[in-house]
Amino acid sequence: MTAWAEGDPLEVAPRLLGAVLTHGGVAVRLTEVEAYAGPDDPGSHAFRGRTPRNSVMFGPPGCLYVYFVYGMHHCANLVTGPDGEPGAVLLRAGEVVGGLDLARVRRPGSPDRDLARGPARLCRALGIDLAENGTRVAVVAAADQPTFSTGPRVGLRHAAERPWRFWITDDPTVSTYRPASPRPSTGR
DNA sequence: GGAAGGATTGACT
DNA sequence: GTCAATCCTTCCC
């Protein structure tokens with residue numbers, strides 16, 4: 001049962017650190033995640049209410065919410081509920097611990113450490129795309145909760161300040177890259 | 001019906 | 001360090 005992975009995203013997120021998620025023949029140990037609450041979180045896709053695309057976030061916990069972004073990348077969230085609320089945890093990075101060969105094939109030229117370092121990379125390593133949206137996913141809790149740190153979320157244009165990003169302290173696969181890289185060249 | 005934006009990554013200078 | 005790529009979804013008129 002995955003009761004430990006259900007409920008308030010802010011509580012579930014740290015519990016996911018160190019957990020092993022298996023999909024598409026590849027297993028990854030989650031090292032970095034971000035919590036996304038619902039109506040109260042301007043950074044969440046569900047902030048503006050339920051839409052055909054984010055409806056999965058309102059669905060049952062334990063499902064995968066996959067979305068396409070920037071026309072070329074996929075990002076995966078684990079829906080946590082609570083039931084009726086669009087809570088989810090974005091899987092930002094992980095360490096490939098199973099199906100390494102398969103992951104390498106999907107990400108040729110990348111060092112093992114980078115196979116799942118980053119939300120879009122993690123999806124590719126696991127073979128996740130829009131076809132997996134709303135599907136159930138296998139997650140095994142970590143035996144022991146690793147030491148983790150928290151900090152501001154990355155990449156969002158709204159409410160990025162909230163310290164809802166969680167990562168395993170000192171883990172090399174955490175994508176602490178790009179501290180700041182503002183795209184809008186105009187203005188200021 | 002049309003336009004703007006996005007929870008990123010990879011490549012080039 | 002900086003810039004470009006590219007599809008889907010949502011909002012506005």
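Order of the sequence lines sets the chain letters (A, B, ...), proteins ahead of strands, with each chain counted from 1.
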Worksheet item: Is the phosphate of B:dT8, meaning OP1 or OP2, less than 4.0 Å from a side-chain N or O of A:R121?
Response: no

Worksheet item: Within this structure, what is the CD1-to-C1' distance between A:I128 and B:dA7, rounded to whole angstrom?
Response: 15 Å

Worksheet item: Hey, is the main chain of A:V79 close enough, under 3.5 Å, to the side chain of A:N77 for a donor-acceptor pair?
Response: no

Discussion item. Counting distance alone, no hydrogens or angles: does the base of B:dA7 have a donor or acceptor under 3.5 Å from a partner atom on the side chain of A:Y67?
Written reply: yes

Worksheet item: So, is A:T51 close to the C:dT9 phosphate, meaning a side-chain N or O under 4.0 Å from OP1 or OP2?
Response: no

Practice prompt. Give one of base, sugar-phosphate or nothing for A:L90, where a contact means two heavy atoms less than 4.0 Å apart.
Written response: base

Discussion item. Whether A:H45 contacts B:dA7 is assessed here as follows: a side-chain N or O lying under 4.0 Å from the phosphate OP1 or OP2. Is that the case?
Written reply: yes

Fill in: Interatomic distance where CZ belongs to A:R117 and C1' belongs to B:dT8 [whole Å]
14 Å

Fill in: Option from A:R121, A:R117, A:R92 for which salt bridge (charged side-chain N to carboxylate O under 4.0 Å, His left out) with A:E32 holds
A:R92

Discussion item. So A:R48, base contact, sugar-phosphate only, or nothing? Heavy-atom distance under 4.0 Å.
Written reply: sugar-phosphate

Fill in: Aromatic-base stack, A:Y70 on B:dT8, cutoff 5.5 Å, angle under 30
yes

Worksheet entry | Rounded distance in Å - NE2 (A:H73) to P (B:dG6) | 15 Å

Worksheet item: Reckon A:R107 has a side-chain N or O less than 4.0 Å from the OP1 or OP2 of B:dG10?
Response: yes

Discussion item. Just the rounded figure in Å: distance from P of B:dT8 to CG of A:D129.
Written reply: 19 Å

Discussion item. In this structure, how many angstroms lie between the P atom of B:dA7 and the CG atom of A:L64, rounded?
Written reply: 18 Å

Worksheet entry | Whether over 12 other heavy atoms sit under 6.0 Å from A:R50 CZ | yes

Worksheet item: Think A:R92 has a side-chain N or O under 4.0 angstrom from the OP1 or OP2 of B:dT8?
Response: yes

Worksheet item: Between A:T169 and A:S149, does any side-chain donor sit less than 3.5 Å from a side-chain acceptor?
Response: yes

Worksheet entry | Range-with-range stems for DNA chain B, at least three Watson-Crick or G-U pairs under 3.5 Å | B:1-6 with C:7-12, B:8-12 with C:1-5

Discussion item. Over all strands shown, is A:N77 touching base, sugar-phosphate only, or nothing at heavy-atom distances under 4.0 angstrom?
Written reply: base

Worksheet entry | For atom CG of A:L122 and atom C1' of B:dA7, their distance in whole Å | 13 Å

Worksheet item: Cluster partners of A:V140, using ILVMFWY side-chain heavy atoms under 4.5 angstrom, listed by chain and number?
Response: none

Worksheet entry | ring-ring contact (aromatic ring centres under 6.0 Å, His included) partners of residues 29-48 of chain A, not counting sequence neighbours, each pair once | A:H45-A:Y67

Worksheet item: Can you check the A:F68 CZ to C:dT6 C1' distance for me, whole Å?
Response: 8 Å

Discussion item. Measuring from the side chain of A:M72 (C-beta onward, heavy atoms only), which nucleotide among B:dT8, C:dT9, C:dA5 has the closest atom?
Written reply: C:dA5

Discussion item. Rounded to whole Å, how long is the line connecting atom CZ of A:R162 with atom P of B:dA7?
Written reply: 14 Å

Practice prompt. May I ask you to decide whether A:D114 forms a salt bridge with A:R107, counting only side-chain N to carboxylate O separations under 4.0 Å?
Written response: no

Worksheet item: Ion pair present between A:D41 and A:R153, side-chain N to carboxylate O less than 4.0 angstrom?
Response: yes

